[in-house]
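Heads up: numbering here begins at 1 and tracks the sequence. Owing to the predicted nature of the structure, the values given are computational and were not obtained by experimental measurement.
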Amino acid sequence: MVSSSGLLVAIALFRVIVFTSLLSAEKTDSGILLVSDIKSGERHAREYCAMYDICGKRSDGKVLNCPYGSPSVKPDDLLSSKIQSLCPTISGNVCCTEFQFDTLRAQVQQAIPFLVGCPACLRNFLNLFCELSCSPDQSLFINVTSTSEVKGNMTVDGIDFFVTDTFGEGLYDSCKDVKFGTMNTRAIDFIGAGAKTFKEWFAFIGQKAAPGFPGSPYAINFKSSVPELSAMEIMNVSVLACDDTSLGCSCGDCPLSPACSSSEPPSPHKKDSCSFRIGSLKVTCVELSLVILYIILVSAFLGWGLFNQTRERRRHAPTTEPLLNVADDGEINIIDLQKNGKLAPKVQGMVSQASHDVQISVIQGYMSSFYRRYGIWVARNPTLVLCSSLAVVLLLCLGLMRFRVETQPEKLWVGPGSKAAEEKQFFDSHLAPFYRIEQLIIATMPDPQHGKSPSIVTEDNIQLLFEVQKKVDGISANYSGSVVSLSDICLKPLGQDCATQSILQYYKMDPDNYDGFGGVQHVEYCFQVT
């Protein structure tokens with residue numbers, strides 16, 4: 001039989017136990033349970049999860065994780081391949097279900113259009129949320145700080161995420177200059193509210209979004225140091241710089257990259273040997289000399305013409321020539337024409353009239369005399385003229401021996417010394433020559449009753465593509481007596497297989513992999529990822 005004093009001691013001890021347990025958790029009026037004692041059943045160790053599975057949804061449909069710690073789980077092959085496609089740093093066991101991973105993928109898809117211009121930035125951004133959601137060591141750097149009750153289930157309402165400053169700075173530096181081409185502005189203005197440091201960006205990411213607004217369904221408090229006497233560690237996944245050679249960014253998205261700035265020192269300014277200014281115009285001595293020389297030549301030509309004109313006017317007897325004055329060698333002259341009684345009076349009248357009306361300048365006189373003599377010589381030596389003309393033409397036709405018909409379009413429209421030609425030559429020498437791409441487009445026929453086209457991604461259509469690809473690979477033709485197949489002329493950048501871009505690549509172009517890779521579901525998943 002228990003005495004009254006013993007009963008009082010038991011009651012007091014029970015109150016102490018109850019009061020002590022309540023110190024570890026306090027429930028607010030809004031239904032949120034604040035967890036203040038990290039030793040109340042939680043475990044922070046490798047291969048252990050801080051939150052696993054989905055335990056509820058908010059009013060806007062965003063899912064909430066379960067706040068219960070549990071060992072990491074080994075996923076099946078399909079889930080493992082999905083996680084590897086988005087989170088290559090995570091392998092082995094994971095701390096997320098397939099539904100959690102699909103939720104993660106759907107959420108990060110909203111940020112991918114902003115960061116896709118810089119693969120290094122995108123990879124760092126994805127690594128941050130991959131570690132948060134699926135890392136097998138999740139409990140080492142994530143601590144659930146508050147929970148909320150949703151339809152009778154406890155869900156996560158706030159967490160502490162311990163991340164090193166090195167990762168935060170590397171993430172921000174790789175993304176701070178990434179451009180969002182659609183709006184011609186920085187991507188950080190959209191996904192980071194224009195943050196100036198990584199801490200401002202983390203503060204924006206960690207804000208708990210109101211129902212109906214994009215963002216995290218629970219609060220994320222980023223910290224850079226773990227509590228004392230705690231088994232937790234800081235998440236320190238390797239971060240990629242924007243100038244990384246494997247996942248580098250363009251100079252527009254990473255202007256500070258060494259590859260984007262010239263390594264050669266600026267050439268010193270060459271001082272002109274002789275130059276002076278005329279007002280705001282700077283003139284070199286060479287340019288001035290050319291201008292003076294041009295003026296002198298023009299003045300000399302005009303002066304010479306003016307001098308000859310003045311001299312002609314001063315002469316009492318103007319320089320005249322009869323229309324028929326071929327007195328050289330005494331062959332034809334006016335005296336000969338006078339022998340013809342009928343033509344003499346007319347010719348003499350014409351000559352007399354022309355001698356008074358026609359005045360020939362010095363230049364015209366020289367040209368008239370030259371061509372008159374040249375014509376006489378041609379008329380006297382017709383055989384020599386014809387043979388020499390034919391010889392000159394044949395000599396000039398020797399250039400046809402090097403005549404080539406150009407059939408390459410890039411050489412027809414682009415000069416050999418132009419910048420475009422130099423860039424094309426650099427591309428061909430460092431990458432690959434130009435190949436023509438042949439396309440085969442397959443589409444479904446609309447339903448005559450409903451007018452809608454059925455889905456083309458079906459098992460029958462994929463099997464049909466395998467058959468079409470087999471026939472394409474077997475194409476051959478007879479050229480100059482030899483059989484040429486497609487594999488003889490196609491581009492083979494990776495070995496003996498032709499470069500083919502097709503959805504059959506998701507099965508490694510092998511129909512035997514169709515069932516093993518998951519059938520149609522595998523292609524549908526690949527479409528969502530890419």
Side-chain angles (χ1 to χ4, degrees), residues 81 84-85 119 245-248 250 393-446 453-527 529-530:
S81 62
Q84 280 287 306
S85 63
T245 56
S246 60
L247 292 175
S250 63
V393 172
L394 294 176
L395 181 63
L396 296 177
C397 288
L398 293 177
L400 295 177
M401 297 175 61
R402 302 186 61 182
F403 178 75
R404 297 290 184 274
V405 178
E406 187 60 70
T407 58
Q408 298 184 12
E410 62 271 16
K411 292 185 178 180
L412 289 173
W413 304 107
V414 179
S418 63
K419 185 175 181 59
E422 294 177 356
E423 293 176 349
K424 174 74 166 52
Q425 183 180 4
F426 178 85
F427 177 88
D428 293 342
S429 60
H430 288 76
L431 297 177
F434 175 77
Y435 280 86
R436 187 180 301 277
I437 300 175
E438 300 293 343
Q439 295 182 345
L440 179 62
I441 301 176
I442 300 177
T444 56
M445 297 297 294
S453 299
S455 174
I456 195 173
V457 185
T458 62
E459 181 176 358
D460 294 338
N461 290 338
I462 294 178
Q463 295 296 338
L464 176 62
L465 286 179
F466 277 117
E467 296 178 3
V468 172
Q469 186 65 45
K470 183 178 179 180
K471 294 181 179 180
V472 171
D473 294 338
I475 292 178
S476 61
N478 190 347
Y479 179 76
S480 299
S482 60
V483 178
V484 180
S485 63
L486 180 62
S487 60
D488 296 330
I489 60 174
C490 69
L491 173 63
K492 302 176 183 178
L494 300 177
Q496 300 299 322
D497 296 330
C498 297
T500 305
Q501 186 175 3
S502 169
I503 65 170
L504 301 181
Q505 292 285 1
Y506 295 134
Y507 302 100
K508 298 183 178 181
M509 305 298 293
D510 189 356
D512 297 335
N513 294 331
Y514 179 78
D515 295 329
F517 282 23
V520 179
Q521 289 76 14
H522 178 65
V523 174
E524 293 176 346
Y525 165 74
C526 293
F527 287 161
V529 173
T530 56

Working to the nearest 0.5 angstrom, can you tell me the gap between T500 OG1 and L440 CG?
11.5 Å
Using a cut-off of 6.0 Å, state whether more than 12 heavy atoms not belonging to Q501 lie near its atom CD.
no
Rounded at 0.5 Å granularity, tell me how far CD1 in I503 sits from CE in M509.
10.0 Å
Minimum heavy-atom separation for L465 to L504, with atom names?
O-CD1, 3.6 Å
Drop me the distance from S502's OG to I442's CD1, to the nearest 0.5 angstrom.
8.0 Å
Taking all non-hydrogen atoms of both residues into account, name the closest pair between V414 and S418 and its distance.
CG1-OG, 3.0 Å
Any sub-3.5 Å donor-acceptor pair from T444's side-chain atoms to P454's backbone N or O?
yes
For the residue pair D473 and Q469, establish whether any side-chain heavy-atom pair is separated by less than 4.5 Å.
yes
Give, for atom CD of E459 and atom OH of Y514, the distance between the pair rounded to the nearest 0.5 Å.
4.0 Å
Strictly by modelled atom types, are S81 and Y525 linked by a side-chain donor-acceptor pair under 3.5 Å?
no
Decide yes or no for D515 and Y507: does some side-chain heavy atom of the first lie under 4.5 Å from some side-chain heavy atom of the second?
no
Any ion pair linking K419 and E423 (charged N to carboxylate O, less than 4.0 Å)?
yes
Looking only at non-hydrogen atoms, find the nearest pair between F517 and H522 and report the distance.
O-CB, 3.1 Å
Does any non-hydrogen side-chain atom of V457 lie less than 4.5 Å from one of N461?
no
Which heavy-atom pair separates A421 from G415 by the least distance, and what is that distance?
CB-O, 3.3 Å
Please report the shortest heavy-atom distance between S476 and V483, naming the atom on each side.
CB-CG1, 4.0 Å
